[in-house]
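First up is the structure itself, then whatever we jot down about it.
Just so you know, these numbers come straight off a predicted model, no measurement behind them. Counting begins at 1 with the first residue of the sequence.
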Amino acid sequence: MKTLFESRYNTPKFLIGMVHTLALPGAPLYDRTGGMRKIVAQARAEARILREAGFHSVMYCNESDMPYESVMQPQTIAAMTEVIAEAQDGLGLPHGVNMLIDPVASVAIAHATGGEFVRCFLTGSYVGDLGAVVPDGARALRLRAELAAENIALICNVTPGFSINLDTRPVPSAASGAVFLGLADAVCVSGPAAGVEADLAAIEAVAAKVPDTPVVVGTGVSAQNINRLATAADAFIIGTSIKIDQQTLNAVDPARADALVRAMAA
């Protein structure tokens with residue numbers, strides 16, 4: 001049976017390149033001098049690098065907006081909507097949205113910009129560097145239904161970042177719950193922080209537990225490990241390893257992006 005990504009995009013292993021936007025208006029690191037023009041220019045340039053490298057899609061994320069909010073402010077939602085609309089103009093690739101720990105904002109922005117998937121938390125409870133997080137998956141699903149936007153696939157994180165899961169069940173059980181109760185279209189297994197490789201054994205166990213649901217690897221994918229991870233996973237969200245000096249918030253390095261795609265094709 002074809003996976004969601006294979007059916008939609010006619011490729012068995014789907015590559016999602018990250019565009020980590022500069023800090024948006026209202027965030028502590030926002031560059032008031034550069035303003036929105038600078039943010040849009042950066043996003044457009046990086047999206048086009050990813051296209052030229054051969055990525056199948058791009059995903060826009062407000063990674064520079066730390067500390068993160070579980071409910072996004074109106075100015076954040078408005079700014080990201082504009083950035084994506086500008087960056088996607090003429091790009092010719094499908095895109096997704098990851099407004100980090102606010103799944104409702106992710107769905108809203110994806111709908112407004114023609115996005116085809118979002119990465120989000122739908123289930124679970126987490127505590128750590130992000131504070132106490134209980135994602136509002138129920139509201140995100142209801143918003144998607146209200147907008148008649150069921151075409152927006154929900155990629156649900158089943159491992160926490162910069163925090164621990166207060167649900168102590170094994171990761172495969174959490175993935176099963178995300179599919180059954182969270183209505184996730186795909187599940188995402190990651191390492192404990194951006195750029196940290198996910199455990200292959202965990203990916204394999206999740207794939208076995210939810211065999212009819214695509215499994216996405218969310219962190220630590222590189223040219224060196226992607227083929228090994230591809231033995232169990234269907235899609236890959238790739239950011240840190242293709243950045244200059246492999247630093248998450250740096251610009252995309254065209255040479256690293258090219259090398260990643262070549263490694264997957266080898």
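By the 4.5 Å heavy-atom criterion applied to side chains, Val133 and Phe121 are not counted as neighbours. Contact of the Pro135 side chain with the Leu122 side chain is not registered, since no non-hydrogen atoms from C-beta on lie closer than 4.5 Å. Side-chain contact between Leu22 and Asp31 is absent, with no heavy-atom pair separated by less than 4.5 Å. You'll find the side chain of Tyr9 reaches within 4.5 Å of the side chain of Glu116, heavy atoms only. Taking the side chain as every heavy atom from C-beta outward, Thr11 and Phe5 never approach each other to under 4.5 Å. With contacts defined as side-chain heavy-atom distances shorter than 4.5 Å, the pair Val216/Asp234 does not qualify. Proximity of Ile164 to Val127: side-chain heavy atoms (C-beta onward) are separated by under 4.5 Å at one or more points. Within the 4.5 Å cutoff, no side-chain heavy atoms of Met18 are placed close to those of Ile238.
Judged purely by atom type and a 3.5 angstrom limit, Asp253 has no side-chain atom pairing as donor or acceptor with the backbone of Ile242. Put simply, the side chain of Lys243 never gets that close to the backbone of Val252: no donor and acceptor are under 3.5 Å apart. Thr231 places no side-chain N or O within donor-acceptor distance of the main-chain N or O of Asn227, the cut-off being under 3.5 Å. No side-chain donor-acceptor contact under 3.5 Å links Asn225 to the backbone of Arg228. In this structure, the side chain of Asp65 does not engage the main chain of Tyr68 through any donor-acceptor pair within 3.5 Å. With hydrogens and angles disregarded, a donor-acceptor distance shorter than 3.5 Å links the side chain of Lys13 to the backbone of Ala233. In this structure a side-chain-to-backbone donor-acceptor pair under 3.5 Å is missing from Arg51 to Val58. Ser163 places a side-chain N or O within donor-acceptor distance of the main-chain N or O of Gly161, the cut-off being under 3.5 Å. Although no hydrogens or angles enter the test, the distance criterion places a donor-acceptor pair under 3.5 Å between the side chain of Thr219 and the main chain of Val196. Under a 3.5 Å cut-off, the side chain of Asn157 and the backbone N or O of Thr159 do not form any donor-acceptor pair.
For Arg169, the CZ atom counts as densely surrounded, since its 6.0 Å shell holds more than 12 non-hydrogen atoms of other residues, nucleotides or ligands.
Contact record, Val187 with Ala175: CG1-O, 4.1 Å, taken as the closest heavy-atom pair. Here the shortest heavy-atom pairing between Met99 and Leu24 reads CE-CD1, 4.5 Å. The two residues Ala198 and Val217 come nearest to each other via the heavy atoms CB-CG1, 4.1 Å. In terms of heavy-atom proximity, Val215 sits nearest to Ala207 at CG2-CA, 3.8 Å. Looking at every heavy atom in both residues, Thr113 comes nearest to Thr81 through CG2-O, 3.7 Å. Nearest approach of Thr123 to Gly182, heavy atoms of both residues: CG2-CA, 3.9 Å.
Side-chain polar atoms of Thr240 and Arg256 form no donor-acceptor pair below 3.5 angstrom. Using a 3.5 Å distance cut-off with no hydrogens or angles, the side chains of Gln75 and Tyr30 do not pair a donor with an acceptor.
Taken to the nearest 0.5 Å, the CG atom of Leu260 stands 6.5 Å off from the CG atom of Leu15. To the nearest 0.5 Å, the span separating CD1 on Ile237 from SG on Cys188 amounts to 4.5 Å. Here the straight-line distance linking atom CG of Asp89 with atom CZ of Arg44 works out to 6.0 Å at 0.5 Å rounding. Rounding to the nearest 0.5 angstrom, the gap separating the CG atom in Leu183 from the CZ atom in Arg144 is 7.5 Å. Taken to the nearest 0.5 Å, the CG atom of Leu181 stands 11.0 Å off from the CG atom of Leu141. Residue Ser125 holds its OG atom at 6.0 Å from CG of Leu166, rounded to the nearest 0.5 Å.
Ion pairing between a basic and an acidic side chain is recognised when a charged N comes within 4.0 Å of a carboxylate O; Lys209 and Glu204 show no such pairing. We find that Arg142 and Asp136 are not joined by a salt bridge, their nearest charged nitrogen and carboxylate oxygen being 4.0 Å or further apart.
Note on Met66 and Tyr126: same hydrophobic cluster, where clusters join Ile, Leu, Val, Met, Phe, Trp and Tyr whose side-chain heavy atoms are under 4.5 Å apart, directly or indirectly. Grouping the Ile, Leu, Val, Met, Phe, Trp and Tyr side chains by contacts below 4.5 angstrom, directly or via other members, places Ile39 apart from Leu29. There is no path of hydrophobic side-chain contacts, each under 4.5 Å, that joins Leu100 to Met80. Residues Tyr60 and Ile101 are members of separate hydrophobic clusters, defined by side-chain heavy-atom contacts under 4.5 angstrom among Ile, Leu, Val, Met, Phe, Trp and Tyr. Val158 and Leu130 end up in different hydrophobic clusters when Ile, Leu, Val, Met, Phe, Trp and Tyr side chains are linked at under 4.5 Å.
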- Might you work through the side-chain hydrogen bond (donor to acceptor under 3.5 Å, both in side chains) test for Ser190 and Arg119, ending with a clear yes or no? CA-CA 12 Å; Ser190 303; Arg119 178 185 182 181; 3.0 Å; yes
- Item | Chi angles and distances behind the side-chain contact (heavy atoms from CB on, under 4.5 Å) call for Met59, His95 | CA-CA 5 Å; Met59 180 180 282; His95 75 276; over 6 Å; no
- Task: Please test Val261 against Met264 for side-chain contact (heavy atoms from CB on, under 4.5 Å), starting from the C-alpha separation and ending with a verdict.
- Result: CA-CA 5 Å; Val261 175; Met264 182 73 259; 5.7 Å; no
- Task: Please step through ring-ring contact (aromatic ring centres under 6.0 Å, His included) for the pair Phe14 and His56, ending with a clear verdict.
- Result: CA-CA 6 Å; Phe14 191 61; His56 302 124; 5.6 Å; yes
- side-chain hydrogen bond (donor to acceptor under 3.5 Å, both in side chains) assessment of His20 paired with Ser64: CA-CA 7 Å; His20 294 121; Ser64 298; over 6 Å; no
- Check the pair Asp199 / Ile203 against side-chain contact (heavy atoms from CB on, under 4.5 Å), numbers first and verdict last. CA-CA 6 Å; Asp199 179 32; Ile203 299 168; over 6 Å; no
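Checking each of Asn62, Thr76, Ile77, Val83 against Ile109 for a side-chain contact (heavy atoms from CB on, under 4.5 Å) leaves exactly one that passes, namely Ile77.
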